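Whatever order the structure lists ligands and atoms in, that order sets their numbers, starting from 1. All figures in this text were calculated on a predicted structure; none of them were measured in a lab.
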Amino acid sequence: MQGLAVSASGPLQDQRFLVLEAVGHGGMGSVYRAYDRVTHRDVALKVLDEPAPAGPGHPLSGEFAAWTGLRHPNIVQVLGLEHAAAGPIPEGAPYLVMEYFPGKPAHQALRPGEVPGRALEELARRILLGLHHVHQAGLVHRDLKPANVLVSGRRVGPTRIGPGRVKLTDFGLAERQGLREDPGRLSGSLPYVAPEAITGGAVDGRTDLYGLGILLFLLATGHLPQPVLTPDEVVRWHLSGEVPDPRGYRPELGERLARLIQSLMARQRDERPADAGAALTELGVRPPGPAPSIGRPAGMADRAALRLAVDAVRLGACRVVTLESSATRARKVVEEARILAGIHGLQACRLGRADGCHGLGRLVLRLLLQRGAAARRLVRRHRLDAGLPLELLGGVPVWSTAALRSPGRKARASHEELAGGVAAFILEASRRRAMVLEVTRPALEDTLCRQVVRRLARKAARRHAPTRSGGMLLLLEREVQDRLEEDQEPLDPPAAAPRILARPT
Ligand SMILES: Nc1ncnc2c1ncn2[C@@H]1O[C@H](COP(=O)(O)OP(=O)(O)OP(=O)(O)O)[C@@H](O)[C@H]1O
Ligand SMILES: [Mg+2]
């Protein structure tokens with residue numbers, strides 16, 4: 001099928017998807033941005049260029065089956081497999097519905113050959129986190145290349161990576177680990193295909209690591225590691241060609257990154273890192289454990305999840321509810337949470353403003369003022385005035401105008417110490433009286449706020465069972481949750497780490 005005709009008002013597919021624009025094209029099919037009139041959000045629709053009989057053997061059926069079990073901030077979320085009834089896609093043709101990711105393929109979003117080592121390590125880290133999830137699900141992506149790694153984000157530049165914005169897409173070739181390749185048939189893209197996929201060996205996570213090595217080499221140096229060759233020669237290079245050192249083109253690249261790139265491209269699988277987790281370790285990152293870091297009531301409708309969560313919190317447990325759906329529906333869930341909090345006597349709090357630690361300061365001040373004479377002791381114990389705009393006036397906590405007047409004034413505690421103190425204080429407040437705490441995206445722009453919310457979310461994940469004290473319900477927008485899960489920075493950095501001074505801005 002040739003490209004769909006699209007216009008600003010867009011043709012309507014199946015009374016639901018308003019097809020807006022073409023966003024990408026690969027060897028198999030085309031991807032369009034569309035507006036979903038049911039969930040009120042943008043989605044991406046993937047349609048095959050060549051028609052194939054619908055049913056379980058259809059390539060998009062296989063892609064959907066592999067992809068649908070995956071859920072990770074560094075992987076585009078697949079939402080469904082539909083069959084066209086009415087609209088520009090030919091009737092009966094299957095099409096995939098995915099999360100729309102406003103990014104570009106890595107080699108277009110970044111400038112190959114100029115990306116600084118640190119940004120490359122960051123990119124590698126996020127791809128590896130996504131791959132780790134794929135491999136833990138027993139799958140191999142088998143088509144890792146720049147076109148299938150999308151990069152985006154507000155703070156992205158041609159040589160920078162913004163927070164939270166790297167996602168793997170295209171699971172069209174994904175297979176279960178252990179599958180034996182057909183030696184006569186090359187699957188994947190020639191410059192990235194691993195030796196074992198050429199010789200008919202069994203594929204596993206290390207097959208994807210090989211593709212990642214080539215991808216990183218290209219972005220680091222602006223060149224593929226193979227000298228430009230005919231397809232036959234490229235195949236021979238994969239089997240026995242020399243693995244170049246990226247420092248041949250970029251002498252300033254760090255030793256750790258250069259070595260990792262070379263070891264990922266090793267001809268023998270045994271010479272590559274054992275899996276994505278091992279590669280993360282080589283980058284100095286602790287690989288995530290098998291369990292999701294933060295509890296998420298998967299697959300439950302928002303409101304049902306909310307009611308169950310409020311019941312648990314009344315009994316003293318902690319819960320996280322992710323606001324998954326459209327802005328309108330998310331608002332309704334928040335409103336309902338506030339009503340339920342009112343009915344059941346829970347305190348409803350919000351961290352939402354983009355005014356840095358001042359939003360946090362206001363929340364802490366409000367909770368302190370409930371504590372009367374104990375407030376002074378709590379400020380001292382948790383060092384709450386060491387970075388938040390709070391002061392003690394005659395033992396009473398007040399909003400510190402001095403901190404507001406001189407925002408550059410150095411605080412006395414590091415972010416980590418301060419975040420630990422503030423989180424412990426908020427948790428203590430929730431034990432005295434159960435709490436619903438809503439966190440919206442702008443709040444996370446502030447490092448201190450982000451660290452506090454991460455700590456609360458971790459604690460909430462651990463205090464799952466009822467306790468005798470009050471509980472806490474964290475309402476996190478989906479993007480907040482993704483951002484928290486993705487930030488793998490250790491909560492308690494090693495003692496030698498440089499101290500970051502908190503500033504009350
Ligand atoms: N969810 C998404 N959101 C936005 N753009 C996307 C999304 N998924 C894919 N794209 C864009 O569409 C392009 C083609 O998608 P995809 O890789 O799935 O197609 P393909 O035909 O299977 O590709 P290949 O040539 O790798 O087989 C991607 O390179 C990317 O630029
Ligand atoms: Mg692709």
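- In this structure, atom 7 (C) of ligand 1 lies nearest to the protein heavy atom Leu150 CD1, 3.8 Å.
- Comment: Arg206 does not engage Glu196 in a salt bridge, judged by the lack of any side-chain N to carboxylate O separation of less than 4.0 angstrom.
- Taking every non-hydrogen atom of Ala44 and a distance limit under 4.0 Å, the qualifying atoms of ligand 1 come out as 1 (N), 2 (C), 3 (N).
- Of the N and O atoms on the side chains of Tyr35 and His40, at least one donor lies less than 3.5 Å from an acceptor on the other residue.
- Of all atoms in ligand 1, numbered sequentially from 1 with element shown, those under 4.0 Å from a heavy atom of Gly27 are 21 (O), 23 (O), 24 (P), 25 (O), 27 (O).
- Looking at Leu218 and Tyr192, their side chains come closer than 4.5 Å, going by heavy atoms from C-beta outward.
- The Gly24 neighbourhood of ligand 1 comprises atoms 11 (C), 12 (O), 13 (C), with distances under 4.0 Å to a heavy atom of that residue.
- Just one residue in the list Leu475, Val310, Leu473, Leu474 forms a side-chain contact (heavy atoms from CB on, under 4.5 Å) with Arg319, and that residue is Leu473.
- Using a cut-off of 4.0 Å between Lys/Arg side-chain N and Asp/Glu carboxylate O, Glu122 and Arg118 are scored as not salt-bridged.
- On a distance-only criterion, Val31 and ligand 1 share no N/O pair closer than 3.5 Å.
- Note on Asp170: its N/O/S atom closest to the Mg ion (ligand 2) is OD2.
- Between Met28 and ligand 1, at least one pair of N/O atoms sits closer than 3.5 Å.
- A salt bridge is absent between Asp170 and Lys145: the closest approach of a Lys/Arg side-chain nitrogen to an acidic carboxylate oxygen does not fall below 4.0 angstrom.
- Nearest protein heavy-atom contact of atom 8 (N) of ligand 1 is Thr169 OG1, 3.2 Å.
- Considering only non-hydrogen protein atoms, atom 23 (O) of ligand 1 sits nearest to Asp170 OD2, 3.1 Å.
- Contacts between Asn148 and ligand 1 below 4.0 angstrom, taking non-hydrogen atoms only, involve the side chain exclusively.
- Residue contacts with ligand 1, taken as heavy atom pairs separated by less than 4.0 Å, involve Lys46 solely via side-chain atoms from C-beta onward.
- For ligand 1, the atoms closer than 4.0 angstrom to any heavy atom of Asp143 are 26 (O).
- Here the side chain of Trp67 pairs no donor or acceptor atom with the backbone of Ala174 at under 3.5 angstrom.
- Looking only at protein heavy atoms, the nearest one to atom 4 (C) of ligand 1 is Phe101 O, 3.1 Å.
- Using a 4.0 Å cut-off between heavy atoms, Lys145 contacts ligand 1 through its side chain alone, with no backbone atom that close.
- Using a cut-off of 2.8 Å, one finds that Asn148 contributes an N/O/S atom close to the Mg ion (ligand 2).
- Using a 4.0 Å cut-off between charged side-chain N and carboxylate O, Arg338 and Glu335 make no salt bridge.
- For atom 1 (N) of ligand 1, the nearest non-hydrogen atom of the protein is Glu99 O, 2.9 Å.
- Which parts of ligand 1 touch Val76 is read off a 4.0 Å heavy-atom cut-off, strictly below it: atoms 1 (N).
- Residue Glu99 is tested with Arg41, Gln77, Lys167 for a side chain to side chain donor-acceptor pair (under 3.5 Å); the sole match is Lys167.
- Every atom of ligand 1 is numbered from 1 in the order shown, and the set under 4.0 Å from a heavy atom of Ala147 is 28 (C), 29 (O).
- Looking only at distances, no side-chain donor or acceptor of Arg250 sits under 3.5 Å from a matching main-chain atom of Ala258.
- Heavy atoms of Leu48 stay at 4.0 angstrom or farther from ligand 1.
- An N or O contact shorter than 3.5 Å is missing between Pro105 and ligand 1 by distance.
- Short contacts between ligand 1 and His25, defined as distances under 4.0 Å to a heavy atom of the residue, involve ligand atoms 13 (C), 14 (C).
- Residue-to-ligand polar distances keep Met98 apart from ligand 1: every N/O pair is separated by 3.5 Å or more.
- Ion pairing of Glu255 with Arg259 is present here, as a side-chain N (NZ or NE/NH1/NH2) and a carboxylate O approach within less than 4.0 Å.
- Side-chain N/O atoms of Tyr95 and Asp14 include a donor and acceptor closer than 3.5 Å.
- Donor-acceptor pairing under 3.5 Å is lacking for the side chains of His135 and Asp275.
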